[in-house]
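Taking it in order: structure first as structure tokens, then the write-up.
Chain naming here is simple, since letters A, B, ... match the order of the sequence lines and numbering starts at 1 in each.
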Amino acid sequence: MSLSGAFEKPYDPSEFEEKRAQDWIDKGFFASQPKSDTTHYTIVIPPPNVTGDLHIGHVLNNTLQDILIRWQRLKGRETCWVPGTDHASIATEAKVTKKLADEGINKRELGREKFLEEAYKWKSNYGGRIIGALKRLGASCDWDREVFTMDPDYHQAVLQAFVTLYDQGLVYKGHRLVNWCPVSQSVISDEEVISEERQGHLWHISYPVVSPTPGGPTAVEVATTRPETLFGDLAVAVHPEDERYQGLIGQKVRVPVCDREVPVIADTYVERDFGTGVVKITPAHDMNDYEVGQRHNLGLLNVMNPDASLNENSPPAYQGLDRYEARQKLVKELKERGLLVKTDNHKMVVGISERGHVPIEFYLSEQWYFKMEGLAQLALEETRSGRLRLLPAFTEKIWEHWLGGIKDWCVSRQLWWGHRIPVYTCTSCSKVHCAVEAPAACEACGHVEFEQEEDVLDTWASSWLWPFAVQGWPKNDAQTQKQMEAYYPTETIVTGQDIIFFWIARMVMAGKHFTGKLPFKSVYFTPIVRDSKGRKMSKSLGNSPDLQKLMAEYGTDALRFSLVNQIVLGQDIHWKNESCEMGRNFANKIWNATRFLLSHAEKRNISSAKCTFESLKIPNDAVATWLFSEFCQTLETADKALSGMNFATYSSKLYEHLWMVFCDWFVELLKPVLAEAAETNASVASLKRADELLQFALSLFDGALRLLHPLMPFVTEEIWQRLAEGRSSQTIGRQLWPNAKELTARYEPDPASVAHMRAVQGVVGAVRAIRGQYSLHPGLRLRVVLPEASRDRFGEHVAAMEYLSGSQLHFEDALPQVVGAALTQGTEVFVDLEGHVDAASEVKSVKQRLQKIEQVLVGIQKKLSNEKFVSGAPESVVAGARAQESENLAEKKLLNRVLESMQSQGG
RNA sequence: GGGCGAUUAGCUCAGUUGGUUAGAGCGUCUGCUUUACACGCAGAAUGUCCGGGGUUCGAGUCCCUGAUCGCCCACCA
């Protein structure tokens with residue numbers, strides 16, 4: 001293929017990527033079909049919120065899934081990556097509600113049906129965005145299988161799961177204090193409450209004693225962080241053994257402002273050392289107070305509305321005020337009445353609603369719950385038995401802790417966007433029916449009218465079914481059976497650790513409970529991506545990278561590479577946009593390496609199309625044997641790293657192989673070979689060698705591209721398309737991943753060739769270093785002397801070594817007059833510096849080096865003279881130390897010889 | 001209050017079961033339009049491996065302890 005048009009430097013990904021991403025999908029390269037054999041490899045995507053935007057965390061976890069899927073696809077497995085989106089009940093409802101409010105429309109006035117219409121409109125406007133972004137990222141999902149958690153089939157699955165649990169007695173309705181989000185005006189689960197430390201106050205308020213005993217106190221001082229709830233106080237509590245308040249127990253005190261009389265009770269819940277040792281008890285607005293209230297039969301007094309404003313149980317002046325306005329007003333009034341003793345600053349932990357971003361209220365209401373203990377046991381058994389593996393391993397401790405102390409799951413939400421709870425109450429006899437379809441007639445009285453529950457289910461009570469519901473569960477038709485057989489259970493889940501309880505644990509429970517199978521074999525928790533200062537990415541900080549811009553500026557491959565390359569299992573990533581440079585430079589590097597190979601192939605009339613990895617032939621040549629050995633090692637590392645989900649090991653090995661090995665050394669070694677063959681009087685042997693090496697290079701490069709493809713799909717595809725004409729109906733993504741066993745059975749890797757090449761590199765490096773030491777111009781051809789005895793060893797590489805080091809090699813034992821000397825891999829290297837360097841400065845340099853060597857030798861010899869080391873350490877370590885000693889001795893001897901020679905020359 | 005993780009070059013981080021003279025990328029410095037690539041090539045400099053103890057012939061690695069940062073869990077109003 002000729003180097004025209006689309007093969008310019010530098011590599012410009014923005015020219016290709018978008019088109020390529022669409023082309024892959026159009027040609028159906030990612031489509032999967034259930035097969036009757038067992039080659040399936042399935043991953044289900046963690047469905048992003050339907051109205052969400054792609055953020056860098058998505059890039060990370062979807063890139064990792066894509067790497068696994070593309071890797072397995074290259075290995076010839078029938079891969080299926082199921083994409084989709086989550087309806088995200090509370091998050092979406094909040095967005096739609098806000099949008100309506102901005103337009104002056106009140107959600108409740110609009111009514112349920114109209115609201116849902118609006119929500120679907122919103123979904124159709126924004127729901128495609130994140131899917132589009134994932135496609136742009138190159139995610140090789142089977143896009144024909146996209147599922148939305150409110151699709152009709154999925155809805156059926158959610159209802160069926162609920163009904164099944166109900167029939168099994170695992171669903172109940174409970175009347176208790178719940179976490180209430182005043183913004184969404186719905187209950188939320190414990191997991192949706194985020195504890196945050198906040199600076200608050202501890203107000204000391206005086207409660208007058210109703211009938212003080214003579215000489216006794218006339219008031220008690222109560223400490224509280226939430227004064228506005230005092231309208232709901234039903235008692236004041238002290239510790240039963242607190243000597244200060246013995247006389248008060250059983251008396252009555254007057255709640256300030258509302259002037260209600262409440263008893264002083266004794267309960268061990270009270271900490272004597274905290275505050276004043278006197279606590280106001282507000283059973284309807286605090287979990288602990290609720291418990292205390294239960295113990296003392298205090299009853300309940302709710303003083304708030306669902307939006308956290310004060311209700312009719314508060315004094316008229318406070319009714320309708322928001323809780324914080326009420327607090328201010330009350331504190332002021334207490335001060336005026338002289339009942340506020342003091343105000344202390346106080347740090348406390350406040351429960352914040354994950355979606356509403358405001359402190360939650362404890363609120364008394366009736367809600368639906370799932371019984372979790374049995375389900376939690378199912379999940380625990382899977383990790384304890386080792387059938388389910390969590391990475392990083394320490395997450396298993398978190399898992400154990402949560403599941404061990406699990407509480408029942410409050411699944412009802414006072415929302416409209418979601419799966420409405422399938423419970424129907426007969427309007428005549430009040431019999432409760434739970435069924436997927438509304439019953440035709442009441443089982444008890446035959447009446448035909450029902451009222452369905454108003455509430456919808458927690459989002460996670462639908463997404464916990466994801467791995468099997470996407471395949472059609474619980475339907476039992478032929479297609480569903482076939483799909484369940486092929487694609488369930490899946491392999492692995494890749495996601496953030498933040499949803500370990502929300503989603504991962506519950507999927508395991510649901511999988512075991514409803515299908516009897518563990519839904520995946522492993523879970524990989526990705527690192528959290530933070531900004532360069534270690535702060536969480538957040539909208540309010542505006543520190544999230546603009547991914548569209550990054551992809552346009554550096555390329556998607558660059559983004560993928562740079563992100564993956566920074567992964568450390570179990571640790572956060574500190575992200576800088578500039579780190580994309582590494583990936584961009586890498587993509588450019590291999591792009592240009594291709595330009596080099598192809599231009600020479602053209603010159604030598606070699607068809608790159610014929611040089612596929614399948615046609616790899618290894619010429620009988622030290623350079624080829626060496627590169628092949630390196631490649632085999634890279635392949636082994638890549639396979640092992642990906643199997644163990646060590647993604648950064650995989651990325652850095654490929655980087656090293658392609659750049660440091662293939663480009664820096666192999667291509668450079670190839671150049672003099674090609675140059676020799678290009679001479680007019682080139683020998684037949686040199687022509688043959690050039691052609692063989694070039695063909696070998698192209699074939700091996702094809703293999704290396706495949707190894708890199710899962711990580712950098714775009715640039716590898718662009719290159720692969722240019723290696724042969726007429727590939728547009730194919731993709732590199734469906735070629736074969738090199739098979740290590742077959743490969744090494746055909747050609748044996750040769751460790752000696754690697755050692756041999758290291759010697760060549762050592763000599764070249766030594767000359768370069770000496771050149772650098774004196775800043776000698778690279779164009780200056782140096783005279784280099786190697787010992788006569790090494791002639792055979794380096795014979796075939798002389799031309800290459802001369803080219804790489806910019807020198808002329810001579811094999812002789814006489815030293816140059818002014819000489820830069822080095823010892824590398826047992827070879828003495830002498831660079832003739834006569835006329836370039838002043839002898840005195842080289843003498844000085846040699847003396848310095850000798851000093852260093854002396855120091856090192858002292859250390860080694862001390863170790864070697866230690867009897868315990870010699871007898872105690874493994875043989876290889878002792879041998880290593882001895883080798884080190886002799887090497888340093890040899891270098892010392894060499895330098896002394898050089899020194900002597902130069903000093904005698906200099907007079 | 002419990003549990004977990006981190007601390008290695010100016011910055012971001014590697015460093016397998018303890019074993020040569022601790023590495024990479026970026027940045028810095030030097031020299032290069034060497035005909036694939038300046039998004040490049042060649043070379044160089046830079047470390048109290050957080051502090052303090054201990055185990056060991058040998059510790060960045062294991063143990064104890066202290067400090068700092070971060071995360072998770074927990075009902076002190």
* Asked: Over how many whole Å does the gap from A:Trp665 atom CH2 to B:rA36 atom P extend?
  -> 18 Å
* To do: Please tell me which of A:Gly765 and A:Ser532 maps to the more 5' nucleotide of RNA chain B, matching each residue to the nucleotide holding its nearest heavy atom.
  => A:Ser532
* To do: Can you tell me the distance, in whole Å, between the CZ atom of A:Arg771 and the P atom of B:rC41?
  => 17 Å
* Quick one: do A:Lys342 and A:Glu221 make a salt bridge, cutoff under 4.0 Å? -> no
* OP1, OP2 of B:rC76 versus side-chain N and O of A:His346: anything below 4.0 Å? -> no
* Structure fact -> Contact check, residues 277-287 of chain A vs RNA chain B, heavy-atom distance under 4.0 Å, returns A:Gly277, A:Val279
* Going by atom types only, do A:Glu885 and A:Gln861 share a side-chain donor-acceptor pair under 3.5 Å? -> yes
* Choosing from B:rA77, B:rC57, B:rA38, which nucleotide comes nearest the side chain of A:Met348? -> B:rA77
* **Charged N-O contact under 4.0 Å between A:Arg722 and A:Glu718** => yes
* Structure fact -> Between A:Phe586 and the options A:Leu711, A:Leu708, A:Asp557, A:Asn565, the side chain to side chain contact (heavy atoms under 4.5 Å, CB included) test singles out A:Leu708
* **Per A:Ala769 side chain, nearest of listed nucleotides B:rG43, B:rC39, B:rC76** => B:rG43
* **Among B:rA77, B:rC57, B:rU33, the one nearest A:His777 by side-chain distance** => B:rU33
* To do: Check every atom of B:rC73, B:rC37, B:rA77 against the side chain of A:Arg595 and return the nucleotide holding the closest atom.
  => B:rC37
* Which part of the nucleic acid does A:Arg768 contact within heavy-atom distance under 4.0 Å: base, sugar-phosphate only, or nothing? -> sugar-phosphate
* Looking across every strand, which nucleic acid part, if any, lies under 4.0 Å from A:Val667 by heavy atom: base, sugar-phosphate, or nothing? -> base
* Select base, sugar-phosphate, or nothing to describe what A:Ala593 touches, counting heavy atoms under 4.0 Å on all strands. => base
* Plane angle bin for A:Tyr11 and A:Phe16 - parallel if under 30°, tilted between 30 and 60°, otherwise perpendicular -> parallel
* Asked: Will you find, in the side chains of A:Ser845 and A:Gln773, an N or O donor that is under 3.5 Å from an N or O acceptor?
  -> yes
* To do: Indicate, with a heavy-atom threshold strictly under 4.0 Å, whether A:Asn888 touches base, sugar-phosphate, or nothing.
  => base
* Which one is paired to B:rC4, where only Watson-Crick or G-U wobble pairs with both distances under 3.5 angstrom count? -> B:rG70
* To do: With the side chain of A:Lys589 defined as its heavy atoms from C-beta on, choose the nearest nucleotide among B:rC39, B:rU12, B:rC41.
  => B:rC41
* Asked: Whole-Å distance between B:rC71 C1' and A:His401 NE2?
  -> 14 Å
* Asked: Which comes earlier along RNA chain B counting from the 5' end, the contact point of A:Lys640 or that of A:Pro10, where each point is its nearest nucleotide?
  -> A:Lys640
* **Any side-chain heavy-atom pair of A:Trp575 and A:Ile56 under 4.5 Å** => yes
* To do: Would you classify A:Arg781 as touching base, sugar-phosphate or nothing, given that sugar-phosphate means primed atoms plus P, OP1 and OP2, and contacts are heavy atoms under 4.0 Å?
  => nothing
* Judged by modelled atom types alone, do A:Tyr650 and A:Asp639 share a side-chain donor-acceptor pair under 3.5 Å? -> no
* Asked: Does B:rG40 have OP1 or OP2 sitting under 4.0 Å from an N or O in the side chain of A:Lys9?
  -> no
* **Complement of B:rG47, any strand, by Watson-Crick or G-U distances under 3.5 angstrom** => none
* Asked: Using a cut-off of 4.0 Å on non-hydrogen atoms, how would the nucleic acid contact of A:Glu581 be classed: base, sugar-phosphate, or nothing?
  -> nothing
* Is there a residue in residues 567-579 of chain A whose heavy atoms reach under 4.0 Å of RNA chain B, and which residues are they? -> A:Val568, A:Gln571, A:His574, A:Lys576
* Asked: With sugar-phosphate meaning primed atoms plus P, OP1 and OP2, does A:Pro874 contact a base, only sugar-phosphate, or nothing at under 4.0 Å between heavy atoms?
  -> base
* Short side-chain N/O contact from A:Asn866 to OP1 or OP2 of B:rG58, under 4.0 Å -> no
* Under 4.0 angstrom between A:Trp399 side-chain N/O and B:rC73 OP1 or OP2 -> no
* **Length of the line joining A:Ile398:CD1 and B:rG70:C1', which is rounded to integer Å** => 13 Å
* To do: Determine the Euclidean distance between corresponding P atoms of B:rC73 and B:rG15; express it in Å to zero decimal places.
  => 27 Å
* Which one is paired to B:rC41, where only Watson-Crick or G-U wobble pairs with both distances under 3.5 angstrom count? -> B:rG31
* Is any side-chain N of the basic residue among A:Glu578 and A:Lys576 closer than 4.0 Å to the acidic one's carboxylate O? -> no
* To do: For A:Lys280 and A:Thr282, test the side chains for any donor-to-acceptor distance below 3.5 angstrom and give the result as yes or no.
  => yes
* Structure fact -> Among B:rC41, B:rA77, B:rG19, the one nearest any side-chain atom of A:Glu271 is B:rA77
* Asked: Are A:Asp572 and A:Arg530 ion-paired here, with the side-chain N under 4.0 Å from a carboxylate O?
  -> yes
* Look at the side-chain N and O atoms of A:Gln884 and state whether any lies under 4.0 Å from the OP1 or OP2 oxygen of B:rU21. => yes
* Asked: Whole-Å distance between B:rC39 C1' and A:Tyr655 OH?
  -> 10 Å
* To do: Determine the interatomic distance between P on B:rU46 and the same-named atom on B:rA59; round to the nearest Å.
  => 24 Å
* To do: Look at the side chain of A:Lys397 and decide which nucleotide, out of B:rC4, B:rC57, B:rC75, has an atom nearest to it.
  => B:rC4
* Side-chain ion pair, A:Glu854 and A:Lys852, N-O less than 4.0 Å -> no
* Counting side-chain heavy atoms from C-beta on, which of B:rU30, B:rG19, B:rC75 comes nearest to A:Ala873? -> B:rG19
* Asked: Within the pair A:Lys671 and B:rA36, is there a side-chain N or O less than 4.0 Å away from OP1 or OP2?
  -> yes
* To do: Tell me what A:Tyr269 touches on the nucleic acid: a base, only sugar-phosphate, or nothing, going by heavy atoms under 4.0 Å.
  => base
* Using a strict 4.0 Å threshold on nitrogen-to-oxygen distance, state whether A:Glu361 and A:Arg323 make a salt bridge. => yes
* Nearest to the side chain of A:Ser775 - B:rG31, B:rG25, B:rA36? -> B:rG31
